[in-house]
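Please read the structure below before turning to the comments.
For the numbers below, each heavy atom of this structure counts, side chains included, while hydrogens, waters and symmetry mates do not. Every value quoted in this text rests on a predicted model; they were computed, and no experiment measured them.
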Amino acid sequence: MGARHQARERALQILFQHDIQGKAAVHLDEFWREYSASDESKAFAERLVRGVLEHKQELDATIGKYATNWTVSRMPIVDRNILRAGLYELLWLDEVPAKVTMDEAIELAKSFGDGDASKFVNAVLDKALATESRLAAKRAEAARVKREA
């Protein structure tokens with residue numbers, strides 16, 4: 001398992017805990033005592049968690065715009081946090097290609113969500129990628145990679 005994949009799994013676990021208990025920062029030290037990770041994975045996971053928590057309102061508003069017939073508060077906790085982390089990556093982590101973000105989010109949904117979670121996550125993130133003006137550069141890069149494949 002790659003360091004970033006492991007980081008995304010750990011970030012999802014932390015965000016899940018935060019959704020249930022609140023105060024993720026208080027629990028980070030305790031979390032890392034229980035779950036091992038390389039320094040690289042730990043750093044990326046914490047970057048994702050901090051970014052999601054810092055931009056949570058904007059992320060939830062954007063997710064709500066693209067999640068047809070769903071409110072963010074009624075989504076399963078796992079799906080909601082996969083979407084938050086994936087959208088955070090798309091919007092704020094320029095160095096991560098959109099294809100990587102999408103593939104990783106779908107894999108997390110397959111591993112941790114129910115049978116339809118991966119389709120739901122794919123649909124919401126795909127709509128955001130296709131229409132958010134801030135994602136024009138990532139859209140263009142994804143199209144270029146697709147043409148070259």
Side-chain angles (χ1 to χ4, degrees), residues 1-20 24-25 28 31-32 35-149:
M1 172 185 333
R4 290 231 168 150
H5 181 78
Q6 182 186 49
R8 288 177 179 95
E9 285 185 352
R10 298 296 186 241
L12 177 60
Q13 291 169 312
I14 295 165
L15 291 168
F16 184 93
Q17 277 184 329
H18 179 267
D19 244 12
I20 292 172
L28 279 176
F31 180 86
W32 292 123
Y35 295 97
S36 64
S38 69
D39 289 342
E40 181 185 352
S41 290
K42 190 175 174 179
F44 191 70
E46 289 186 10
R47 183 177 178 197
L48 288 174
V49 169
R50 285 189 186 97
V52 166
L53 296 179
E54 180 180 338
H55 299 284
K56 188 174 164 186
Q57 286 183 338
E58 183 180 350
L59 292 167
D60 285 357
T62 305
I63 291 165
K65 187 166 48 169
Y66 299 110
T68 309
N69 299 321
W70 280 94
T71 60
V72 175
S73 63
R74 297 215 38 207
M75 289 176 188
I77 295 172
V78 169
D79 298 2
R80 172 171 60 227
N81 284 295
I82 291 170
L83 287 168
R84 285 173 176 159
L87 190 57
Y88 172 76
E89 275 193 46
L90 286 172
L91 290 168
W92 280 279
L93 301 185
D94 294 336
E95 74 276 11
V96 180
K99 180 166 178 29
V100 171
T101 298
M102 298 289 289
D103 290 348
E104 287 286 333
I106 292 165
E107 286 305 312
L108 287 173
K110 286 178 182 176
S111 297
F112 296 99
D114 68 18
D116 292 329
S118 62
K119 293 174 190 166
F120 178 67
V121 165
N122 183 50
V124 174
L125 292 179
D126 193 51
K127 286 179 192 175
L129 180 60
T131 57
E132 281 296 304
S133 60
R134 291 173 49 193
L135 294 174
K138 285 208 176 185
R139 235 183 345 268
E141 175 65 16
R144 185 188 63 75
V145 168
K146 194 174 186 177
R147 281 192 309 271
E148 291 174 359

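Residues E148 and K99 are not paired through a salt bridge, judged by the lack of any N-O separation under 4.0 Å between the basic side chain and the carboxylate. Between D60 and K56 there is no salt bridge, since no side-chain nitrogen of the basic residue lies less than 4.0 Å from a carboxylate oxygen of the acidic one. At a threshold of 4.0 Å, the pair E89-R8 counts as salt-bridged, since one of the basic side-chain nitrogens sits closer than that to a carboxylate oxygen. Salt bridge status for K42 with E46: absent, with no side-chain N to carboxylate O gap under 4.0 Å.
To the nearest 0.5 Å, atoms CG (L87) and CG (L129) are separated by 10.0 Å. A distance of 9.0 Å separates CZ in R80 from OG1 in T71, rounded to the nearest 0.5 Å.
Side-chain atoms of V49 and F31, non-hydrogen and from C-beta on, never get closer than 4.5 Å to each other.
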Got a list of side-chain donor-acceptor pairs under 3.5 Å for residues 110-123, not counting sequence neighbours?
{"residue": "S111", "atom": "OG", "partner": "E107", "partner atom": "O", "Å": "3.1"}
{"residue": "D114", "atom": "OD1", "partner": "D116", "partner atom": "N", "Å": "3.0"}
{"residue": "D114", "atom": "OD1", "partner": "A117", "partner atom": "N", "Å": "3.0"}

Point to revise | Pair L93-R47, side chain to side chain contact (heavy atoms under 4.5 Å, CB included): steps then yes or no | key: CA-CA 10 Å; L93 301 185; R47 183 177 178 197; 3.0 Å; yes
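Both the sub-6.0 Å distance and the 45° axial angle are satisfied by R134 relative to the ring of W92.
Side chains of T101 and K138: no donor on one and acceptor on the other come within 3.5 Å. A donor-acceptor contact closer than 3.5 angstrom links the side chains of E132 and Y66.
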